[in-house]
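Read through the structure below, which is laid out as structure tokens, and then see the notes.
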Amino acid sequence: MKEDIIRSRKEKLERLKLKGIPPYPLSYHRTHTNEQVVNMILEGKEDLPQVRVSGRVMAHRNMGKVSFIDLVDGSQKIQLYVKKEHLSEESGEVIECLDLGDIIGAEGRPFLTRTKEPSIDTSEIIMLAKSLQPLPEKWHGLADTEKRYRQRYLDIISNPEVKDIFKKRSQIVSSVRRHLDERGFLEVETQILQPIAGGASARPFITYYNALDQNFYLRIALELHLKRLIVAGYDRVYELGRVFRNEGIDTRHNPEFTMLECYQAYADYHDMMQLVEEMVSDIVREINHSYQIEFAGRLIDFEPPWKRLDLRQALIDYAGIDFLAYPDANSLKQEMMTRGFEVDPQKSRGKLLDELLSRFVEPELWQPTFLLDYPKDMSPLAKAKPDDPQIVERFESFAGCLEIANAFTELNDPLEQRERFLEQLKEVTAEEQGDGRIDEDFLNALEHGMPPTGGLGIGIDRLVMLATNQQSIREVILFPQLKEKG
RNA sequence: GGGCCGUUAGCUCAGGUGGUAGAGCACCUGACUUUUAAUCAGGGUGUCGUGGGUUCGAGUCCCGCACGGCCUACCA
């Protein structure tokens with residue numbers, strides 16, 4: 001059946017060639033996008049000029065001497081009104097050989113039909129690219145998730161709402177850049193292939209670097225190189241780019257994802273909090289024309305100011321545990337076990353606290369919320385509060401129960417930083433940390449003096465999920481990785 | 001890693017208790033000069049994901065495998 005369709009289309013292709021009509025001409029210069037023409041028509045002016053438009057044929061309603069074509073370009077749909085006796089001989093031939101999915105150009109006069117549909121009274125139709133494969137069904141589109149991801153082009157052709165998500169993703173990324181550029185941040189690009197994958201604790205992807213004859217890692221964070229640039233004297237830097245974590249895939253995690261990190265010298269986490277609040281709420285409003293958006297069936301209001309929640313108090317409120325009462329991993333483990341939790345004996349205190357957070361606190365954080373002041377065990381790169389050495393100046397932002405930002409006042413004491421790295425190494429396997437080495441050059445940079453600095457990371461994919469009401473991260477990634485079929 | 005679910009025509013989906021595989025869209029033929037999920041008349045369609053098993057007989061029951069989805073676990 002599919003073979004029959006393809007054969008019939010190839011026959012039409014041959015027929016075009018026999019008539020001397022190129023099925024894949026070199027170029028076509030349109031005068032307007034479909035959107036521009038539709039707007040012209042809706043403005044209601046008389047005597048509109050001839051226009052040339054283009055796009056993919058998405059529907060063809062044949063009425064005999066007249067037919068209607070839905071033509072979709074990158075902007076939107078426009079209807080072609082085709083009166084066959086008014087077409088040139090060549091255009092008539094093209095209509096005869098037309099299939100859904102073909103890319104065509106059309107020339108004619110814009111007008112409004114009886115039913116008020118903006119249309120073009122077409123005098124010329126030009127084949128721009130003959131399509132050989134049948135499109136998915138027009139009404140339901142493409143629904144099979146696997147096929148949608150494997151052949152995203154079909155998904156985007158047949159599901160306009162998917163096309164819209166990725167337009168919005170692009171707008172969000174532009175907007176992030178605009179917000180930071182306006183504040184005087186310098187956009188930089190740092191290395192993706194690294195001899196040591198630092199700045200986070202996650203298992204890295206390994207690759208082999210032929211020219212250097214050595215194993216390298218794909219970066220798991222942007223942090224350490226951006227701070228080197230703060231040392232170098234760029235006061236405000238950011239990088240927006242892909243990072244790679246060789247971990248599980250689920251609806252909130254994808255091994256390669258897009259991260260924004262920015263660092264501002266002579267600032268602290270309060271400044272970063274203000275930046276997140278302004279930038280994210282602006283972006284939400286730009287994309288949805290409102291601070292209030294729907295996510296996962298709930299209404300979320302991004303209008304500043306957002307809720308501030310002390311982490312220690314949040315754990316007391318939601319989990320019933322005051323971590324100050326359990327100063328080491330063992331006592332915390334004991335307490336968790338007496339409450340009937342299954343506790344991994346390998347886990348450090350930081351990881352146990354993290355578990356409590358994700359289990360009891362995060363599922364409550366629907367409205368935009370800053371969770372403030374983390375235990376030092378969980379945050380090896382953040383600076384301790386002056387009045388409490390066990391707590392660091394760090395916050396994470398949540399909305400829709402998704403973590404969207406992580407920021408702290410950066411630790412710039414090189415000696416303490418070395419201590420923290422050594423602490424961290426104890427609780428992390430070599431496999432998790434790349435080759436388990438400390439980034440000596442980063443420490444060396446700190447030893448030359450890094451100004452007091454505020455740093456911020458935002459998971460762009462999750463921000464897009466929120467702004468477009470998508471519950472799976474793969475719905476905001478154009479080409480999610482799938483296993484090859486065996 | 002564990003659990004549940006899915007895989008049938010190009011696409012979206014139906015196929016109680018096992019008995020010759022269905023619909024809509026798309027496609028092909030014809031009618032129709034403002035339609036828009038156009039309409040009307042006619043036409044044909046498949047490795048039922050894959051490999052075994054049970055059975056006279058398997059899309060359907062059983063076991064394995066592949067791919068995918070959701071949940072869970074892991075994961076700064």
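- At a threshold of 4.0 angstrom between heavy atoms, the contacts of A:E396 with the nucleic acid are absent.
- Geometrically, A:R394 engages A:Y374 in a cation-pi contact defined by less than 6.0 Å to the ring centre and at most 45° from the axis.
- The same atom, C1', is picked in B:C62 and in B:C25; the two are 37 Å apart, to the nearest Å.
- Nucleic acid contact for A:P480: none, since no nucleic acid atom lies under 4.0 Å from a heavy atom of the residue.
- As rounded to the nearest Å, B:C56 and B:G18 have C1' atoms that lie 12 Å from one another.
- When distances are taken from the side chain of A:N62 to each of B:U33, B:C32, B:A73, the shortest belongs to B:C32.
- Among the heavy atoms of the strands, none lies under 4.0 Å from A:I6.
- One distance of note links CE of A:M272 with OG of A:S397; it measures 12.0 Å at 0.5 Å rounding.
- Spacing between atom CH2 of A:W139 and atom P of B:A26 amounts to 12 Å, rounded to whole angstrom units.
- Closest to the side chain of A:E137, out of B:G10, B:G68, B:C27, is B:G10.
- Atom name P, nucleotides B:G10 and B:U47: the rounded distance is 7 Å, in whole Å.
- At the heavy-atom level, A:N406 lies under 4.0 Å from base atoms of the strands shown.
- When the nucleotides B:A38, B:C11, B:A73 are ranked by their closest atom to the side chain of A:D250, B:A73 comes out on top.
- For the P atom pair drawn from B:U12 and B:G49, the interatomic distance equals 14 Å after rounding to whole Å.
- Phosphate contact (OP1/OP2 of B:C25, side-chain N/O of A:K138, threshold under 4.0 Å): absent.
- Residue A:K65 is in base contact, counting any heavy-atom pair closer than 4.0 Å across all strands shown.
- Rounded to a whole Å, the CG atom of A:D144 is 8 Å from the C1' atom of B:G68.
- Salt bridge status for A:E85 with A:K65: absent, with no side-chain N to carboxylate O gap under 4.0 Å.
- With respect to the salt-bridge test (charged N to carboxylate O, under 4.0 angstrom), the residues A:E43 and A:K45 qualify.
- The shortest distance between the side-chain N/O atoms of A:R61 and the OP1/OP2 oxygens of B:A38 is below 4.0 Å.
- Side-chain proximity of A:Q79 to the nucleotides B:U36, B:G10, B:C74 is greatest for B:U36.
- Counting only heavy atoms from C-beta on, A:R394 has its side chain closest to B:A76 among B:C11, B:C32, B:A76.
- Looking at heavy-atom distances under 4.0 Å, A:K83 makes contact with a base.
- Taking the charged nitrogens against the carboxylate oxygens, A:E256 and A:R242 do have a contact shorter than 4.0 Å, which makes a salt bridge.
- With C1' as the reference atom, B:A23 and B:A37 are 16 Å apart, rounded to whole Å.
- The separation of B:G24 from B:U8, taken at their C1' atoms, amounts to 15 Å, rounded to a whole angstrom.
- Backbone-only contact: A:K347 has heavy atoms under 4.0 Å from sugar-phosphate atoms and none from a base.
- If you check every strand for non-hydrogen atoms under 4.0 Å, A:D70 touches nothing.
- Checked for salt-bridge contact, A:R152 and A:D155 meet the test: a charged N lies under 4.0 Å from a carboxylate O.
- Residues from residues 147-164 of chain A with heavy atoms under 4.0 angstrom of RNA chain B, sorted by number: A:K147, A:Y149, A:R150.
- Nearest nucleotide to the side chain of A:L381, out of B:A76, B:U35, B:C27: B:A76.
- Nucleic acid contact for A:T113: base, since at least one base atom lies under 4.0 Å from a heavy atom of the residue.
- Note on A:E484 versus A:R150: no salt bridge recorded, every NZ/NE/NH1/NH2 to OD/OE distance being 4.0 Å or above.
- For the pair A:M336/A:L332, a side-chain contact is recorded, criterion being any heavy-atom separation below 4.5 Å from C-beta on.
- Within 4.0 Å (heavy atoms only), A:L135 reaches no atom of the nucleic acid at all.
- The shortest distance between side-chain heavy atoms of A:I316 and A:I321 does not fall below 4.5 Å.
- Ring pair A:Y238/A:Y263: centre-to-centre distance not below 6.0 Å.
- The listed nucleotides are B:C71, B:C67, B:U12; the one nearest the side chain of A:T251 is B:C71.
- The CG-P distance, from A:N246 to B:A76, rounds to 13 Å in whole Å.
- Counting non-hydrogen atoms under 4.0 angstrom, A:F408 reaches nothing in the nucleic acid.
- Look at the P atom in both B:G15 and B:A9: the space between them is 15 Å, to the nearest Å.
- Within the structure, every side-chain polar atom (N or O) of A:T115 is placed at least 4.0 Å from both OP1 and OP2 of B:U34.
- Listed pair A:R474 / B:C70 meets the phosphate criterion, a side-chain N or O lying under 4.0 Å from OP1 or OP2.
- Nearest-nucleotide mapping onto RNA chain B: of A:F68 and A:L98, the residue sitting toward the 5' end is A:L98.
- Taking atom C1' in both B:U7 and B:G51, one finds a spacing of 16 Å when rounded to whole Å.
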